[in-house]
S.K.: 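Please find one structure pasted underneath; my questions will follow.
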Amino acid sequence: MEILVIGSGAREHALVTALKLDETVGRIICAPGNAGIARDVQTREVDATSAQAIGDLAAELRVDLVVIGPEVPLVAGAADAVRAHGIACFGPSAAAAQLEGSKAFAKLVMDEAGVDTARARVCKALDEVAAALDEFGAPHVVKDDGLAAGKGVVVTSDRDEAFAHARVCLDRGGDARVVIEEYLDGPEVSLFGITDGTTIIPLEPAQDFKRAFDGDAGPNTGGMGAYSPLPWAPADLVADVTEHVLQPMIDTMRERGTPFVGLLYAGLALTSRGTRVIEFNARFGDPETQGVLARLASPLGQVLLAAATGTLGALPPLEWHQGAAVTVVIASKGYPENPVTGDLIGGLDEAGAVEGVTVLHAGTRATADGIVTAGGRVLSITAQGESLAQARKRAYEALDRISIEGAHHRSDIARAAAPDA
Ligand code: AMP
Ligand code: GLY
């Protein structure tokens with residue numbers, strides 16, 4: 001089987017790394033990829049925001065399966081463009097990707113499916129915003145309705161700041177909408193389900209660290225680190241969320257005439273009143289995927305192909321490696337606001353030599369002088385170990401071997417969950 005992977009982050013590097021381990025997978029091409037992916041597989045240029053460019057590339061390469069990593073091409077209809085060429089695609093149609101593309105749409109479907117989530121008001125004008133902020137009280141949660149690369153959500157106890165964010169979102173004009181919702185307390189869990197539109201198979205849960213700095217300080221980012229498994233999570237969490245969240249969502253999407261094929265990402269809060277959905281994404285999460293796929297023992301290519309061709313129900317149960325995985329993200333100076341790029345990255349091979357460690361690339365670019373930074377999140381250091389503590393120790397040992405001028409990372413990834421670290 002030949003596979004085209006679309007995207008350029010550490011998530012796509014993790015996908016490529018896992019696909020290479022599947023004996024049924026032959027050629028892998030990644031477009032556009034990054035400097036690290038290009039060391040492992042063939043890469044091609046593509047405008048990864050253009051559905052048509054992605055469909056055309058798939059047709060030119062005559063691959064058997066296309067795996068689309070990021071949300072932007074999915075929302076733009078890249079999966080539809082690939083399928084129009086008669087090629088199997090792992091990723092939802094534009095209509096189904098609206099579960100991520102519009103928070104208001106996701107709320108509507110959750111309501112139809114009977115899925116528990118934060119109470120919310122969809123607002124088109126500032127007087128509605130003011131009323132909703134007062135209705136729910138502090139802490140305030142204000143979300144841009146559309147895609148915002150992880151930066152559309154503000155959680156604050158400062159009503160003026162909440163109101164100001166809503167104003168920025170609505171000032172975009174057109175049919176701009178903002179979602180104001182009740183604050184959910186409790187730890188967050190990311191649970192991914194792989195689905196062919198009818199059957200949904202959960203992966204192992206992970207926890208993501210969204211804020212930029214230690215102790216959950218600073219602005220929201222795309223994600224600064226993650227770990228899996230979650231020793232503190234209830235034993236029936238995955239079964240419970242599959243039954244009460246993932247399966248009803250998939251059934252409802254199918255009944256609406258927009259079946260969801262690909263990866264449904266449930267961002268959950270385990271609140272004192274029960275598990276609630278914070279958000280859905282229509283793709284693998286980054287950085288959670290890096291560790292979750294490192295732990296997967298089943299052949300990934302066969303699983304993704306089965307999802308893309310409607311045969312997941314015939315697949316044997318997934319198998320997992322024992323132990324744990326921890327991912328620490330190294331981000332450029334100034335990330336997330338104004339990342340500085342073009343700095344030389346030292347120590348890549350030395351970091352990769354630490355036992356159990358894979359250095360996955362995100363914003364990197366090859367130059368005549370060596371590999372340099374080319375984006376906000378630069379590397380995902382992913383370590384496996386027999387325990388979270390061991391994986392964590394290995395990840396930070398590898399990280400210490402990397403040198404990038406002004407770069408930053410969190411030093412508390414998985415610390416609370418790995419007590420003997
Ligand atoms: P989202 O993009 O919807 O995942 O939101 C980004 C982050 O904002 C989440 O991971 C949470 O940490 C936080 N957040 C979003 N919605 C809520 C909520 N209703 N209550 C508390 N925190 C939230
Ligand atoms: N890790 C958060 C996300 O992928 O959206």
Side-chain angles (χ1 to χ4, degrees), residues 7 9-12 14-15 69-72 74-75 97 99-107 110 116-122 132-133 135-157 162 165 169 178-192 203 205-212 215-228 262-273 275-293 327-329 331 336 362 376-377 380 382 410 413:
R11 165 184 52 206
E12 286 75 24
L15 284 164
E71 64 275 17
V72 169
L74 290 167
V75 170
L99 279 184
E100 176 166 2
S102 165
K103 294 193 187 280
F105 176 75
K107 289 282 182 194
M110 280 188 263
D116 288 332
T117 182
R119 290 182 298 131
R121 297 273 174 265
V122 179
L133 289 174
E135 178 186 354
F136 296 128
H140 303 291
V141 181
V142 181
K143 302 186 173 186
D144 197 336
D145 179 51
L147 289 185
K151 292 166 204 156
V153 178
V154 166
V155 180
T156 175
S157 291
H165 180 60
C169 298
V178 66
V179 179
I180 311 291
E181 61 181 45
E182 88 183 292
Y183 177 78
L184 299 174
D185 63 333
E188 289 181 34
V189 172
S190 304
L191 185 69
F192 304 159
L203 304 184
Q207 187 169 60
D208 177 20
F209 291 72
K210 287 222 164 75
R211 299 287 186 137
D216 291 333
N220 264 323
T221 69
M224 294 298 291
Y227 67 95
S228 173
L263 189 130
L264 183 62
Y265 166 140
L268 306 160
L270 310 194
T271 78
S272 47
R273 290 179 296 131
T275 302
R276 300 278 185 277
V277 172
I278 292 180
E279 62 158 352
F280 285 108
N281 292 320
R283 43 143 185 109
F284 281 99
D286 187 348
E288 299 96 309
T289 297
Q290 287 83 307
V292 169
L293 290 186
T327 295
V328 183
V329 169
R377 290 189 291 177
S380 274
T382 296
R410 281 184 64 159
I413 305 301

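Indexing begins at 1, ligand by ligand and atom by atom, following the structure's order.
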S.K.: What's the separation between atom CZ in F280 and atom CG in L268, rounded to the nearest 0.5 Å?
M.R.: 7.5 Å
S.K.: Would you give the length of the straight line joining atom CD1 of I278 to atom OG of S190, rounded to the nearest 0.5 angstrom?
M.R.: 8.5 Å
S.K.: As an exercise, identify every atom of ligand 1 less than 4.0 angstrom from a heavy atom of K143.
M.R.: 3 (O), 15 (C), 16 (N)
S.K.: Could you check which of L184, T117, D216 puts a non-hydrogen atom nearest to atom 20 (N) of ligand 1?
M.R.: L184
S.K.: Quick one: which ligand 2 atoms are inside 4.0 Å of a heavy atom on N281?
M.R.: 5 (O)
S.K.: Identify the closest protein heavy atom to atom 5 (O) of ligand 2: which residue and atom is it, and at what distance?
M.R.: R283 NH2, 2.9 Å
S.K.: Any nitrogen or oxygen of I278, main chain or side chain, under 3.5 Å from a nitrogen or oxygen of ligand 1?
M.R.: no
S.K.: Please identify which atoms of ligand 2 are closer than 4.0 Å to at least one heavy atom of Y265.
M.R.: 1 (N), 2 (C), 3 (C), 4 (O)
S.K.: Yes or no: does K103 have any heavy atom under 4.0 Å from an atom of ligand 1?
M.R.: yes
S.K.: Taking only Lys NZ, Arg NE, NH1 and NH2, and the carboxylate oxygens of Asp or Glu, determine whether R377 and D286 approach each other closer than 4.0 Å.
M.R.: yes
S.K.: Can you tell me if E182 has a non-hydrogen atom under 4.0 Å from ligand 1?
M.R.: yes
S.K.: Regarding ligand 1, does E279 bring an N or O atom to under 3.5 Å of one of the ligand's N or O atoms?
M.R.: yes
S.K.: Classify the contact between F284 and ligand 2 as side chain, backbone, both or neither, using a heavy-atom distance cut-off of under 4.0 Å.
M.R.: neither
S.K.: Which of the atoms in ligand 2, numbered in the order shown and given with their element, are less than 4.0 Å from a heavy-atom of G285?
M.R.: 4 (O)
S.K.: Would you call I180 and L133 a side-chain contact if the rule is heavy atoms closer than 4.5 Å?
M.R.: yes
S.K.: For ligand 1, which atoms have a heavy atom of Y183 less than 4.0 angstrom away?
M.R.: 20 (N), 21 (C)
S.K.: Report the part of V141 in contact with ligand 1, treating N, CA, C, O as backbone and CB onward as side chain, heavy atoms under 4.0 Å; options are side chain, backbone, both, neither.
M.R.: side chain
S.K.: What atoms in ligand 1 come closer than 4.0 Å to a heavy atom of E188?
M.R.: 9 (C), 10 (O), 11 (C), 12 (O)
S.K.: Under 4.0 Å from a heavy atom of E181: give me the atoms of ligand 1 that qualify, with their elements.
M.R.: 16 (N), 17 (C), 18 (C), 19 (N)
S.K.: Of K103, R119, K107, which is the lone residue that meets salt bridge (Lys or Arg N to Asp or Glu O under 4.0 Å) with E181?
M.R.: K107
S.K.: Distance under 4.0 Å to a non-hydrogen atom of G222: what atoms of ligand 2 satisfy this?
M.R.: 1 (N), 2 (C)
S.K.: Between OG1 of T289 and CG of L263, what distance do you get to the nearest 0.5 Å?
M.R.: 7.0 Å
S.K.: Is there a donor-acceptor pair closer than 3.5 Å between any side-chain N or O of N281 and the backbone N or O of Y265?
M.R.: no
S.K.: Tell me whether the rings of F192 and F284 are parallel (<30°), tilted (30 to 60°) or perpendicular (>60°).
M.R.: perpendicular
S.K.: With heavy-atom distances below 4.5 Å as the criterion, would you say the side chains of P205 and E288 are in contact?
M.R.: no
S.K.: I want to check something: taking the side chain as every heavy atom from C-beta on, are R410 and D216 in contact at a cut-off of under 4.5 Å?
M.R.: yes
S.K.: Can you list the steps and then say if R211 with N220 is a side-chain contact (heavy atoms from CB on, under 4.5 Å)?
M.R.: CA-CA 4 Å; R211 299 287 186 137; N220 264 323; 3.8 Å; yes
S.K.: Is E279 close to ligand 2, meaning an N/O of one under 3.5 Å from an N/O of the other?
M.R.: no
